Amino acid sequence: MATANALIKLKSRDRLDESLLSEEAGQPGDDFPSEESHSLDKPSEEGIFEISKKIEMGEMAGMFFNQWGIIVFYSALILYLIGDSIIYSTLIARSLSEFFVNLTPASWAFDMYLVIFFCFSLPLCYFDFQKTKLLQMTTLAIRNISLYTMIILAAMKAVNGDRKDSDVPTVNLSALPNLFGGAVYSFMCHHSLPGIVTPMRNKSHLQRISGLAYGSVVVVYILLLVSSGFAFGVNVKDPLTFNFPADQYGLVGNLLFLFPVFTLSSTFPMLSITLRNNIDTLLQFAFNSEASSPPEESKLRRLMLTLLAVVPPTLLSYFAKHANISVDELVGFTGAFAGCAVMLIIPAGLVYCSRKIFSTEWDSQKGSRIPKPSNYHHSPFAGQGWVAAVLAWAVLSLIFNTYEKWNKLPSA
């Protein structure tokens with residue numbers, strides 16, 4: 001993000017310098033910038049890496065990647081969002097079917113609630129959400145309250161229960177692919193960072209804040225793992241919210257059981273809208289088409305893209321349920337492949353290409369004799385060797401996960 005901002009400022013300075021030279025030659029243009037805009041658009045060398053403009057990952061891919069790189073970027077992001085949508089649909093339908101187990105036959109309860117959720121969410125996915133701050137804050141509060149409640153209840157059960165030591169799950173190396181995929185899925189927020197980082201007024205402690213946030217998440221996951229492992233042992237249910245039945249925990253158990261319904265239903269439309277927009281961008285880029293069209297065609301285009309973003313994940317959720325694919329396996333698969341690309345491969349590629357393009361642009365404007373300014377947002381792992389290490393780790397992980405999942409396929 002910092003290098004993308006620096007590149008934009010460098011290019012705008014170059015255009016400004018050309019305008020100044022043109023004015024000195026007595027050829028001012030109609031769109032010649034004023035003195036005020038000159039002071040705003042011509043940053044100092046020290047502040048050129050200031051993150052002042054929100055540049056989404058798609059914009060960065062367009063700035064730093066070639067045609068095939070952009071196609072790979074959007075394809076990986078779309079596959080990740082489709083996996084997200086499948087997981088959301090499956091969790092919501094499963095939670096509702098288990099919660100109303102006494103009201104609907106188990107044989108078709110999941111299918112019915114999946115159809116109900118599809119009919120409810122499809123109209124919402126057609127529109128755009130502009131102001132989602134209140135919705136995001138509410139969802140964040142519900143998620144945190146639910147997580148800490150599960151940790152406390154599981155810890156109390158572990159302390160007061162009659163669990164045997166043999167019930168505690170042991171290390172299972174064959175579950176490493178799912179662990180890797182789950183870890184990637186849990187910590188993967190790279191596509192949201194531009195919207196999180198840019199509005200911050202003081203970015204001088206950006207690395208410290210990011211480290212604290214990730215560290216807090218690790219602590220919560222460890223507490224949830226240890227408490228649930230000692231409380232429920234090898235009989236822990238998937239998802240974890242199913243381990244707190246209402247006959248033991250009352251209203252709290254009911255609320256935890258419906259936790260995926262409350263939180264995921266509110267974010268599913270935004271997820272589908274994001275998926276729809278990315279599919280639209282990829283199609284425009286692949287076929288060199290423009291988004292501008294008559295109102296009637298625009299409405300039809302949006303309707304078709306909305307159906308394309310919502311229908312396939314719903315159908316895949318149906319097939320996954322009837323193929324007995326668990327939520328844990330869906331998370332592991334999504335994180336192990338599409339999540340790995342979005343979390344490791346694409347960011348490493350952006351870092352490498354952005355540095356190369358910025359160096360080329362700097363040398364063309366300033367000359368190689370003038371040293372490039374230092375990016376004060378750089379991490380302790382800023383060397384090119386770390387970029388290669390991340391890519392190597394991603395490739396090895398993809399090979400390992402592919403091999404493990406291939407061996408688990410049923411033989412003919």
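Heads up: numbering here begins at 1 and tracks the sequence. In this text, all values refer to a predicted model and were calculated from it rather than measured experimentally. Reckoned from all heavy atoms, side chains included, excluding hydrogens, waters and symmetry mates.
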Interatomic distance, CZ@F333 vs CG@N401, rounded to 0.5 Å, equals 10.0 Å
Exam field: side chain T281 to backbone N277, donor-acceptor pair closer than 3.5 Å: yes
For Y249, does the OH atom sit with more than 12 other heavy atoms under 6.0 Å from it, leaving out its own atoms? yes
Just so I know, are the side chains of F268 and S89 near enough to count as touching, which here means a heavy-atom distance under 4.5 Å? yes
Is M156 atom CE crowded by more than 12 heavy atoms from other residues, nucleotides or ligands, each under 6.0 Å away? no
Find the distance between NE2 (H377) and CG (L206) and round it off to the nearest 0.5 Å. 6.5 Å
For F262, does its backbone N or O pair with a side-chain atom of S265 as donor and acceptor, under 3.5 Å? no
Start with the C-alpha gap between L7 and E361, add the side-chain angles, then the distance that decides, and say whether side-chain contact (heavy atoms from CB on, under 4.5 Å) holds. CA-CA 8 Å; L7 186 63; E361 185 70 24; 3.8 Å; yes
Has N243 got a side-chain atom pairing as donor or acceptor with L240's backbone, closer than 3.5 angstrom? yes
Please confirm whether the backbone N or O of V101 pairs with a side-chain atom of T104, one donor and one acceptor, at under 3.5 Å? no
With distance as the sole test, does Q248 use its side chain to make a donor-acceptor pair with the main-chain N or O of P245 at under 3.5 Å? no
Can you tell if the side chain of T334 reaches within under 4.5 Å of the side chain of Y80, non-hydrogen atoms only? yes
To the nearest 0.5 Å, atom CG of L103 lies from atom OG of S97 at 12.0 Å
Does CZ in F127 sit with more than 12 non-hydrogen atoms of other residues, nucleotides or ligands closer than 6.0 Å? no
Set out, in order, the CA-CA distance, both residues' side-chain angles and the distance that settles side-chain contact (heavy atoms from CB on, under 4.5 Å) for F73 and M60, then state yes or no. CA-CA 10 Å; F73 166 80; M60 287 187 272; over 6 Å; no
Can you tell me how the ring of F242 sits relative to the ring of F257, calling it parallel under 30°, perpendicular over 60° and tilted otherwise? parallel
Quick check on the 6.0 Å ring-centre criterion: do F232 and F244 meet it? yes
Euclidean distance, E59 CD relative to F64 CZ, rounded to 0.5 Å: 11.0 Å
Would you say that L96 contacts I92 through its side chain, given a criterion of any heavy-atom pair below 4.5 Å between the two side chains? yes
With rounding to the nearest 0.5 Å, note down the distance linking CG in L308 to CG in L303. 11.0 Å
Ion pair D111/K321, N-O distance below 4.0 Å: no
Mind checking whether V261 and F117 have side chains closer than 4.5 Å, heavy atoms only? no
Any side-chain to backbone donor/acceptor pair from R276 onto C125? Under 3.5 Å, distance only. yes
Without swapping roles, check the side chain of Q67 against the backbone of A286 for a donor-acceptor pair under 3.5 Å. no
Under 3.5 Å donor-acceptor, K372 side chain and W362 backbone: no
Could you give the distance from CZ (F358) to OG1 (T360), rounded to the nearest 0.5 Å? 10.5 Å
How about Y214: does its OH atom have over 12 heavy atoms from other parts shown lying under 6.0 Å from it? yes
Could you tell me whether the side chain of S266 and the main chain of T263 form a donor-acceptor pair under 3.5 Å? yes
Just so I know, are the side chains of V311 and F118 near enough to count as touching, which here means a heavy-atom distance under 4.5 Å? yes
Okay, side chain of K53, backbone of T198: is any donor-acceptor separation there less than 3.5 Å? no
